[in-house]
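A short write-up of the structure that comes next.
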2 protein chains.
Amino acid sequence: MSRQTVSNALVHPERLKAPTLEKVQSVIAELGYRPSSAAQSLRSQRTGAVGFELLAIGSANRNEIIYPFTVALSEMAIGHNCHVVTFSAAGAQSPTEGYEDMIRAQVVDAFIIADTHKGDPRPAWLDKAGVPYAAFGRVWGRPDITSWADVDGAAGLRDATNHLFAVGYAQGGYLGWPFGSSIGDERRRGWIEATTASGRSLGPEAQAEQDLDAATDAAYDLIEQVGRGGAIACASDLLAMGVERAARRRGWVPGRDVGMTGIDDSSYAGMLKLTSVSQPVTTIADYLLGLVHKRLEGGPPPESGALFRPALVTRASSDPNT
Amino acid sequence: MSRQTVSNALVHPERLKAPTLEKVQSVIAELGYRPSSAAQSLRSQRTGAVGFELLAIGSANRNEIIYPFTVALSEMAIGHNCHVVTFSAAGAQSPTEGYEDMIRAQVVDAFIIADTHKGDPRPAWLDKAGVPYAAFGRVWGRPDITSWADVDGAAGLRDATNHLFAVGYAQGGYLGWPFGSSIGDERRRGWIEATTASGRSLGPEAQAEQDLDAATDAAYDLIEQVGRGGAIACASDLLAMGVERAARRRGWVPGRDVGMTGIDDSSYAGMLKLTSVSQPVTTIADYLLGLVHKRLEGGPPPESGALFRPALVTRASSDPNT
DNA sequence: CTGAAAGCGCTTACAG
DNA sequence: CTGAAAGCGCTTACAG
């Protein structure tokens with residue numbers, strides 16, 4: 001069996017006749033042969049690795065999403081014939097230092113970036129360096145960049161609000177963040193759309209920062225306004241936790257006396273039996289890896305960014321019969 | 001400047017005279033040259049990568065630790081001249097399938113493993129395959145394996161208990177898990193040791209499963225036993241959260257009327273202002289990477305496993321003046 | 001289908 | 001210090 005034939009069996013199986021191919025494949029399976037990735041990398045000038053920066057700092061809220069996303073990337077990598085290299089440039093001079101290092105040492109071919117924000121220097125640096133990348137989260141302030149995927153927060157709130165009406169709550173209020181945050185405003189829009197589409201008038205609403213005491217205080221008054229038998233859709237799990245605490249403080253049973261929903265399906269949402277909306281991290285990871293793969297093959301960028309619909313996870317906090 | 005000299009400058013700088021070395025280094029810095037890791041891997045038969053399996057499933061409790069640990073590994077990798085490849089063998093036939101794949105494709109030289117448990121097939125498989133590894137967490141049931149590091153839970157509870165006494169709580173009770181869990185028993189031992197060493201008698205204690213309602217119910221009676229001005233050291237943040245809820249249910253202010261401490265410094269500990277004990281993930285990641293590095297160099301395994309002391313993070317829940 | 005060759009970029013041993 | 005060579009394990013182009 002020539003070296004050429006084995007290589008063809010792996011790379012261009014269509015060049016071999018069926019019986020030869022099968023013979024080669026069975027021997028490969030028997031010996032457990034796998035081509036050396038180092039040699040393949042050297043030959044192809046591709047590493048087959050995608051870099052993903054993990055930041056040490058970060059709000060609890062953010063980490064609740066980034067960890068599942070990291071797992072999702074690692075899971076989906078196999079299907080894209082690549083693996084994920086995580087890195088963290090603690091104490092770096094510039095936000096792109098870690099990226100420069102990875103590229104120069106040719107450890108990765110491309111990056112998935114997260115936590116994009118206004119004025120983020122990474123997209124521009126990566127573009128200039130000619131390194132493919134795709135972002136988890138919109139690339140704010142750069143409408144020309146379309147290689148991103150994000151969660152459809154409006155759809156999440158629509159689903160949560162519709163669910164609250166469907167299980168029989170009389171009125172649906174809203175606890176959100178102060179106006180002006182893009183993500184917060186989008187989620188609130190979902191609540192408005194679902195309420196309006198159901199033919200109801202908007203319930204009472206309030207705003208609180210992403211802080212438990214502030215949320216609890218705001219919710220204490222708000223749940224009195226919706227009254228027993230009403231429900232509150234929230235812009236985050238933390239705000240929903242505030243509603244839960246406010247209910248307890250009034251002696252109301254969450255779910256039975258007042259319903260509530262959060263967003264992100266964080267660890268404490270499960271602990272508190274809060275209905276929430278689970279971010280479609282696996283779908284997003286798969287999509288983003290597909291994007292960088294296409295860019296590596298020289299394909300064009302997508303027409304536009306992609307929004308993915310999260311999935312409702314119902315728990316006792318939105319069950320009037322609790 | 002010969003290829004040989006440049007290579008020597010990087011690998012054996014002591015072979016060059018100072019002026020030559022400096023000249024080479026300045027040119028390297030100017031061009032931003034970094035040796036291709038693919039070529040180095042092929043040559044050395046080492047990839048310079050350490051694999052780390054991320055599991056999709058897992059309790060919220062566990063994920064609160066594994067994510068910071070993953071970040072710590074990525075941060076510490078630079079110092080060990082390696083990088084971290086995360087993988088996840090979702091839908092694998094056996095728990096070692098992902099490991100086999102990574103080794104056969106020669107993507108990594110070694111592994112860091114977490115979530116070791118009794119009957120875990122991974123250590124035996126890795127030993128048989130001759131692949132170096134080190135574990136975050138004791139390798140239960142295999143006292144012969146010493147390549148592990150873990151958190152000293154007894155020290156954590158000692159520190160928490162001593163702190164509660166130091167800030168002036170009259171009595172220190174304990175809320176733990178049902179007896180028989182190794183980690184739980186170790187943490188309880190820390191509470192007993194600190195209490196005894198302070199010359200006090202043990203305060204009241206209770207047990208609850210790692211479930212919020214169970215913890216809240218158990219804590220409701222327990223805090224009445226310690227009384228106002230007392231405090232409860234807990235085996236986990238979730239149990240401490242139960243104490244916090246029980247205090248609120250009684251109309252007591254956490255910190256002022258009853259103190260409480262948790263373990264792990266999870267996201268919700270910060271949200272609820274719970275004093276907790278932060279796992280030394282960075283120290284552990286650094287130690288474990290050092291271990292696998294030594295094994296790769298052919299060094300002997302350590303004499304014994306290593307326990308690292310966690311760090312107390314004080315917040316309002318253990319402040320009588322709140 | 002086989003077989004011999006070339007080259008990806010390193011590191012090392014060796015002769016000068 | 002230089003320079004020429006070898007080899008790590010692949011993939012590909014090419015002659016047979």
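Atoms considered below: every heavy atom in the structure, side chains included; atoms not considered: hydrogens, waters and symmetry mates. Residue numbers start from 1 in every chain, and the chains themselves are labelled A, B, ... in the order their sequence lines are given, proteins ahead of strands.
- Spacing between atom CZ of B:Arg46 and atom P of C:dT11 amounts to 14 Å, rounded to whole angstrom units.
- Closest non-hydrogen pair, B:Asp120 versus B:Asp115, comes out as OD2-O, 3.8 Å.
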Hey, what are the protein-to-nucleotides 14-16 of chain D N/O distances that come in under 3.5 Å?
residue : atom : partner : partner atom : Å
D:dC14  : N4   : A:Gln4  : NE2          : 3.0

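- Within the 4.5 Å cutoff, the side chain of A:Ile145 has no heavy atoms near those of the A:Trp140 side chain.
- Comparing B:Arg15 and B:Ser36 by the nucleotide of DNA chain C that holds the closest heavy atom to each, the one mapping nearer the 5' end is B:Ser36.
- Minimum atom distance to the side chain of A:Arg43 is reached by D:dG9, of the listed D:dG9, D:dG7, D:dT2.
- The side chain of B:Tyr33 contributes no N or O atom lying less than 4.0 Å from OP1 or OP2 of C:dG9.
- To the nearest angstrom, P of C:dG7 lies 16 Å from CG of B:Leu42.
- Toward the 5′ end of DNA chain D lies the nearest nucleotide of B:Asn8, the other residue of the pair B:Ser44 and B:Asn8 mapping further downstream.
- Minimum atom distance to the side chain of B:Ser2 is reached by D:dG3, of the listed C:dC8, D:dC10, D:dG3.
- Atom CD of B:Glu303 has 12 or fewer neighbouring heavy atoms from other residues, nucleotides or ligands inside a 6.0 Å radius.
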>> Let's test your reading of the pairing rules: Watson-Crick or G-U wobble, both distances under 3.5 Å, then write DNA chain D as a dot-bracket string with ( ), [ ], | and dots.
In response: |||.||||||||.|||

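- The phosphate of D:dG9 has OP1 or OP2 within less than 4.0 Å of a side-chain N or O from B:Gln45.
- Atom pair B:Leu10:CG and C:dG9:C1' shows a separation of 13 Å (rounding to whole Å applied).
- When distances run from any side-chain atom of B:Val11 to the nucleotides C:dT11, D:dG9, C:dG3, the shortest one goes to C:dT11.
- Among A:Phe52, A:Tyr99, A:Tyr133, the one residue that satisfies the ring-ring contact (aromatic ring centres under 6.0 Å, His included) test with A:Phe111 is A:Tyr99.
- A donor-acceptor pair under 3.5 Å is formed between the side chain of B:Glu64 and the backbone N or O of B:Ser267.
- Looking at heavy-atom distances under 4.0 Å, B:Leu16 makes contact with sugar-phosphate atoms alone, never a base.
- A:Ser147 approaches A:Arg295 most closely through the heavy-atom pair OG-NH1, 3.8 Å.
- A:Asp286 contributes no side-chain N or O that, together with a main-chain N or O of A:Met76, makes up a donor-acceptor pair within less than 3.5 Å.
- Side-chain proximity of A:Gln40 to D:dT11, C:dC8, D:dC8: nearest is D:dT11.
- The side chain of A:Arg3 approaches D:dC10 more closely than any other nucleotide in the set C:dT2, D:dC10, D:dT2.
- To the nearest 0.5 Å, atom OG1 of residue A:Thr86 and atom CD1 of residue A:Ile112 are 13.5 Å apart.
- Here A:His12 does not reach the OP1 or OP2 of D:dT11: none of its side-chain N or O atoms lies under 4.0 Å away.
- Proximity of B:Ser7 to the phosphate of C:dT11: a side-chain N or O atom is located under 4.0 Å from OP1 or OP2.
- In this structure, CZ on B:Arg34 lies 10.0 Å from CG on B:Leu10, to the nearest 0.5 angstrom.
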Below 3.5 Å, can you tabulate the donor-acceptor pairs from side chains in residues 89-98 of chain B to any protein atom, sequence neighbours excluded?
residue : atom : partner  : partner atom : Å
B:Ser94 : OG   : B:Thr96  : N            : 3.2
B:Ser94 : OG   : B:Thr96  : OG1          : 3.1
B:Ser94 : OG   : B:Glu97  : N            : 3.3
B:Thr96 : OG1  : B:Glu100 : OE2          : 3.2
B:Glu97 : OE1  : B:Gln93  : N            : 2.8

